[in-house]
S.K.: 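Right, I'll just put the structure down here and ask away after.
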Amino acid sequence: MSYAPLRILVVLPMYGGSLPIGRYCARALTDMGHTVRIFESPLLHSAFTGLRNLGLPPTQTAQLENSFLQVVSQAIWAQVQMQEPQLVLAAAQAPLGHSLLQRLRRTGIRTAMWFVEDHEIFTYWKAYAPLYDVFAVIQKEPFLSKLAATGQKNAFYLPLAALPEFHRPLSLTPQEQREYGADIGFLGAGYPNRRIAFRRFIGRDFKIWGSDWEGDTQLASHVQRSGVRISAEESVKIYNATRINLNLHSSLHTTELVSNGDFVNPRTFELAAIGAFQLVDQRSLMPELFTPNEMATFHTLEELFAAIEHFLANPEERQAIAERARARVLREHTYVARMASLLSFIEECFGPWPQEQQDKEELPEELAPQLRNELAEVINNLGLGPHAGFEEVITALRARSGVLTEVEAALLFLDEWRKQYHKK
């Protein structure tokens with residue numbers, strides 16, 4: 001399907017694993033030529049969590065938290081009014097409440113959530129899924145049927161992906177290689193199944209990166225930086241430096257350490273895009289994403305332990321598999337591809353984007369050619385995409401405070417002139 005560049009508002013969660021995914025979506029949509037704005041929910045996280053440190057009774061704290069989220073919704077609505085988006089895209093756990101979602105529906109602004117969570121662990125989808133126009137998920141059945149039962153008829157499977165310009169091979173300095181490198185490495189949270197499984201590597205050249213490993217005295221010597229959260233930028237260096245990246249999907253259970261679940265986590269695609277070798281537990285949805293010669297998998301811990309010894313001894317085989325996985329990701333599993341699928345699905349469900357919103361007024365020919373480069377700089381500074389229309393530029397300029405440049409002042413003057421004369 002084809003459509004003109006759209007105005008899209010991406011609402012991020014305040015924190016969590018879906019936060020970088022929301023940013024990757026915004027980057028991909030911008031690369032596709034759409035005008036994208038981001039609602040920066042993380043800026044409000046410290047204030048929200050600070051309410052619990054006031055020493056108030058739980059009932060009062062809960063009331064304050066609800067009031068705070070209402071203020072957040074008002075802030076999102078204010079940004080909607082300023083941008084007038086055709087689509088509001090929410091990453092999982094984004095702070096869009098019931099009333100705001102209903103308001104967006106009444107105004108005809110299409111809404112979508114990409115629920116990049118395990119529906120059995122994070123069950124808040126039951127209350128919110130029917131309020132979105134489209135609900136994208138990383139699992140298939142029985143989740144899709146459960147969503148239909150709630151009244152959400154426009155749910156569809158959208159697996160995770162990688163952002164190639166970010167998740168890419170790096171040339172590390174010798175110091176970075178020493179700091180991040182290891183025979184075996186893992187980056188992620190300390191879920192119960194991982195805490196038990198990784199005890200087999202105690203005493204080896206094994207590094208654990210990430211948070212939520214507190215209290216595990218056996219693995220403590222392998223946890224780097226006392227378990228602080230690792231930035232997305234630093235994760236790319238860790239993946240590049242590690243010879244064998246472990247990718248054991250999380251589980252709350254301690255009886256079956258390899259969960260044999262369905263969804264494929266973002267780490268799988270990111271490692272592949274980087275060209276880093278990984279050992280990942282087999283998932284039911286994996287075969288349609290990667291072939292056996294593109295991804296080294298295991299079904300049991302014994303298979304994992306044996307695979308580690310084999311691949312440590314065969315670096316050429318590691319490299320060949322990693323190169324094939326990277327080629328597959330670059331070909332099919334990028335965030336640009338996922339966002340294209342999402343927009344196409346929305347159009348299939350609701351028809352073409354409204355023509356009066358789709359058509360954008362071209363920048364007037366009266367603008368002197370020598371100002372084009374300066375105009376491009378203005379648009380970039382306003383955070384608008386390369387296809388931003390004249391009205392969007394003017395709206396963004398009027399919303400911004402500070403001293404105007406000559407070009408910005410000329411644009412506002414031109415807008416006033418058009419209103420008074422050009423359209424008469």
S.K.: At their closest point, which heavy atom of Pro287 faces which heavy atom of Gln282, and how far apart are they?
M.R.: CD-NE2, 3.7 Å

S.K.: Without hydrogens or angle criteria, can the side chains of Glu179 and Gln224 be said to hold a donor-acceptor pair below 3.5 Å?
M.R.: no

S.K.: Are Phe143 and Trp125 close enough that their ring centres sit under 6.0 Å apart?
M.R.: yes

S.K.: Could Glu302 and Arg200 be called an ion pair, given the rule that one side-chain N must be under 4.0 Å from one carboxylate O?
M.R.: yes

S.K.: I'd like to know if Arg283 pairs up with Glu288 as an ion pair, taking the criterion as any Lys NZ or Arg NE/NH1/NH2 lying under 4.0 Å from an Asp or Glu carboxylate oxygen.
M.R.: no

S.K.: Between His167 and Tyr24, is the ring centroid distance below 6.0 Å?
M.R.: yes

S.K.: Minimum heavy-atom separation for Arg243 to Phe277, with atom names?
M.R.: O-CB, 3.8 Å

S.K.: Do Tyr180 and Glu234 get their side chains close enough for a donor-acceptor pair, meaning under 3.5 Å?
M.R.: yes

S.K.: Less than 6.0 angstrom separating the ring centers of Phe290 and Phe269, yes or no?
M.R.: yes

S.K.: Is the Tyr157-Phe263 ring centre distance short of 6.0 angstrom?
M.R.: no

S.K.: For residues Leu100 and Ser73, report the shortest heavy-atom separation together with the two atoms involved.
M.R.: CD2-O, 3.8 Å

S.K.: Hey, can you tell me if Phe48 and Phe68 have their rings parallel, tilted or perpendicular (30° and 60° cut-offs)?
M.R.: tilted

S.K.: Would you give the length of the straight line joining atom CD1 of Ile8 to atom CG of Leu29, rounded to the nearest 0.5 angstrom?
M.R.: 4.5 Å

